[in-house]
There are 2 protein chains.
Amino acid sequence: MRPLRHENGSLLLLDQTRLPAETEWVACSDAAAVAAAIQNMIVRGAPAIGVTAAYGVALEAAKGRADSPAAFRLRMDEAIRILGKSRPTAVNLFWALDRMNGLLGKLEESNSLSDIPLSTSDLADRLLAEAQAMEEEDIAINRRIGAHGNALVPDGARILTHCNAGALATADYGTALGVIRAAHDAGKRIHVHADETRPYLQGARLTAWELMQDNIPVTLNCDNMAGWLMANKRIDLVITGADRIAANGDTANKIGTYSLAVLANYHRIPFYIAAPLSTIDLGMADGTRIPIEERPARELTEFRGIPIAPEGVRVYNPAFDVTPAELITAIITETGVLRKPFQKSILGAFR
Amino acid sequence: MRPLRHENGSLLLLDQTRLPAETEWVACSDAAAVAAAIQNMIVRGAPAIGVTAAYGVALEAAKGRADSPAAFRLRMDEAIRILGKSRPTAVNLFWALDRMNGLLGKLEESNSLSDIPLSTSDLADRLLAEAQAMEEEDIAINRRIGAHGNALVPDGARILTHCNAGALATADYGTALGVIRAAHDAGKRIHVHADETRPYLQGARLTAWELMQDNIPVTLNCDNMAGWLMANKRIDLVITGADRIAANGDTANKIGTYSLAVLANYHRIPFYIAAPLSTIDLGMADGTRIPIEERPARELTEFRGIPIAPEGVRVYNPAFDVTPAELITAIITETGVLRKPFQKSILGAFR
């Protein structure tokens with residue numbers, strides 16, 4: 001269920017705004033097209049955005065195979081700039097761009113010291129290989145997250161999740177849904193409750209669809225039903241992905257995650273975050289300064305062009321919220337399950 | 001902004017499934033049509049359902065003007081039976097039907113003792129007059145709720161509400177929105193935050209529309225954004241209506257109300273219920289046995305016939321939840337503001 005494929009010099013993205021009714025692929029051949037696809041949520045999910053942005057750099061590099069080294073560098077700078085402006089919250093985007101830029105810098109540096117410098121075409125090959133490596137690494141990381149998280153899932157668990165932190169949000173397998181897949185594959189009889197996740201309905205359109213494809217039992221609910229499910233003792237644990245985790249464990253994720261964390265706390269239900277280390281932003285001491293994207297009013301006021309609110313109504317539409325570390329039971333990463341105090345366990349994970 | 005009008009022997013109901021895009025009125029001329037309108041949410045909101053059901057009895061009575069007394073009674077019993085099956089949670093429905101049935105019983109009893117008994121046509125007149133009285137009383141009650149509630153609203157208050165407990169949910173003026181109207185009319189600079197209220201979008205389609213008609217400032221948000229609004233100190237109080245209040249103060253209201261109450265409690269924000277005494281069910285000791293209506297899966301899986309979830313997905317769709325009394329700061333009724341212990345204050349209100 002890979003949401004992105006590099007084929008014949010193009011990046012094919014499964015159009016996640018059309019699922020589950022239509023399965024359409026959008027082809028991108030340069031950085032601008034990739035940036036637009038990220039902006040318009042053709043592709044979404046922090047890890048998938050990271051890998052997609054890396055491919056955006058690689059596609060643009062392929063266009064510059066005949067460039068002079070200086071023109072190539074300008075092209076790369078511009079590609080990184082426009083990709084970096086596509087969405088502000090998920091840190092994986094910046095992590096991926098930094099990694100591509102870091103590789104390019106190293107290659108340029110060794111070129112400057114070498115008698116036989118790499119051509120710009122060679123550079124483009126290296127950048128594509130790096131993007132491909134990031135894609136494969138992401139899948140391997142998610143499988144490790146799944147294995148670590150599986151240990152936290154009791155047999156028979158009823159698991160609530162929000163938005164889509166699945167195969168569709170990553171290169172494959174998923175983070176929160178990776179844990180769910182690992183538990184299911186281990187033979188545990190689990191049942192997933194999926195918040196529909198307004199306004200974009202990632203839970204209804206993507207998570208429910210993805211789990212049904214894998215025959216993992218899933219029940220859909222409106223976001224506002226989560227508390228009532230918990231009150232009726234129908235939820236054993238909550239697990240979501242993350243868009244950016246600060247050094248102290250504060251976690252930005254899809255809007256509504258914070259409410260779930262408060263509700264889980266009130267009902268004494270464990271609340272887990274599943275994310276790769278690339279989602280952790282050590283430069284952010286806590287969550288207070290994580291930039292929160294505000295998206296267009298029309299996401300709330302219309303559905304496929306049909307008005308569902310009065311013309312001209314004022315709208316509040318943040319795409320993310322920040323859950324403070326104290327409401328998080330544990331953070332599941334590829335290196336293991338991080339516990340409180342997160343400041344210490346997070347630093348430990350990077351060693 | 002009255003959502004119901006009795007004219008020329010018909011009950012006209014503003015079709016609340018079509019608002020705000022279309023302003024259409026549905027004409028009902030018998031109890032079965034009224035029951036279907038309640039069931040299909042053409043009219044909704046506990047007080048409006050009560051008044052509408054009373055008119056349903058009156059319309060059916062008008063059809064029986066030529067009936068024998070025995071046939072008339074059978075007709076009335078059947079009308080009350082089908083209206084009583086339309087929706088299970090809002091107690092105002094049963095309260096209104098009991099009141100109509102009680103009046104009819106009294107009239108029949110005095111007929112049996114009288115030399116000049118009332119004709120069935122006279123009975124129909126009396127039942128219509130009773131429904132009309134209930135409509136006018138409901139408006140008067142809401143104005144008193146507004147006046148009492150206004151005292152709880154500080155100048156400059158940012159008020160979160162859920163679903164629609166407005167003019168459209170009552171004969172006019174509203175309960176929760178009645179309090180908001182009273183505060184606005186008193187010159188307080190208030191701002192309303194309206195949960196869109198999935199799956200039926202009463203907040204987006206009805207509350208936002210109703211408040212904009214009255215020039216009361218309103219901002220729309222998704223249900224899952226309420227916690228984040230509170231965390232950012234953008235909400236000073238929460239106020240909702242109710243569908244049924246138990247003798248101990250436990251309150252059934254639109255699904256999502258319970259989550260809001262937990263969130264308000266966590267953020268130390270007052271959480272108010274506004275409702276007439278006819279919403280209080282003294283026969284229900286607490287909220288545990290209030291019947292909770294489950295509605296069709298398609299309310300979550302499609303929007304105006306467009307699929308928004310995978311074909312065949314399992315769905316959880318309770319229309320209401322129950323907020324325990326301990327999470328409620330006060331209940332605003334026409335007799336005043338009821339405080340804890342509610343068991344005592346509620347009984348006092350009926351004296």
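Naming: A, B, ... by sequence-line order, numbering from 1 per chain. Given the structure is predicted, the values throughout are model-derived calculations rather than measurements.
Atoms CZ and NE2, from A:R314 and B:H191 in turn, are 4.5 Å apart once rounded to the nearest 0.5 Å. Here the OH-CZ distance, from A:Y316 to B:R234, works out to 4.5 Å after rounding to the nearest 0.5 Å. For the atom pair A:D321 CG and B:L229 CG, the distance stands at 10.5 Å (nearest 0.5 Å).
Only the backbone of A:E311 comes within contact range of chain B, with at least one heavy atom under 4.5 Å from a heavy atom of that chain.
Contact record, B:P310 with A:P20: N-CG, 3.8 Å, taken as the closest heavy-atom pair. The two residues A:P318 and B:W228 have their closest heavy-atom pair at CG-CD1, 4.1 Å. Residues B:I308 and A:A204 approach most closely at O-CB, 3.4 Å, considering heavy atoms.
Chain A forms the most heavy-atom pairs under 4.5 Å with one residue out of B:D195, B:N265, B:L201, B:L263, and that residue is B:L263. Between chain B and the options A:L19, A:N317, A:L211, A:V315, heavy-atom pairs under 4.5 Å are most frequent for A:V315. Your options are B:A297, B:G312, B:G203, B:A208, and the one with the most heavy-atom pairs under 4.5 Å with chain A is B:A208. Of the listed residues A:D223, A:I255, A:N221, the one with more heavy-atom pairs under 4.5 angstrom with chain B than any other is A:I255. Listed options B:G256, B:A194, B:A21 were ranked by heavy-atom pairs under 4.5 angstrom with chain A; first place goes to B:G256. Ranking B:I292, B:N232, B:V218 against chain A, the residue ahead of the rest is B:V218, based on heavy-atom pairs under 4.5 Å. Comparing A:M225, A:E196, A:R205, A:M212 by heavy-atom pairs within less than 4.5 Å of chain B, the highest count is held by A:M225.
No donor-acceptor pair under 3.5 Å is formed between the side chain of A:N224 and the backbone N or O of B:S259.
Residue-environment remark: CZ (A:R304) exceeds the threshold of 12 foreign heavy atoms within 6.0 Å.
B:F303 has its side chain within reach of A:I306: a pair of non-hydrogen atoms, C-beta onward, lies under 4.5 Å apart.
Between A:Y266 and B:H267, the gap from one ring centroid to the other reaches at least 6.0 Å.
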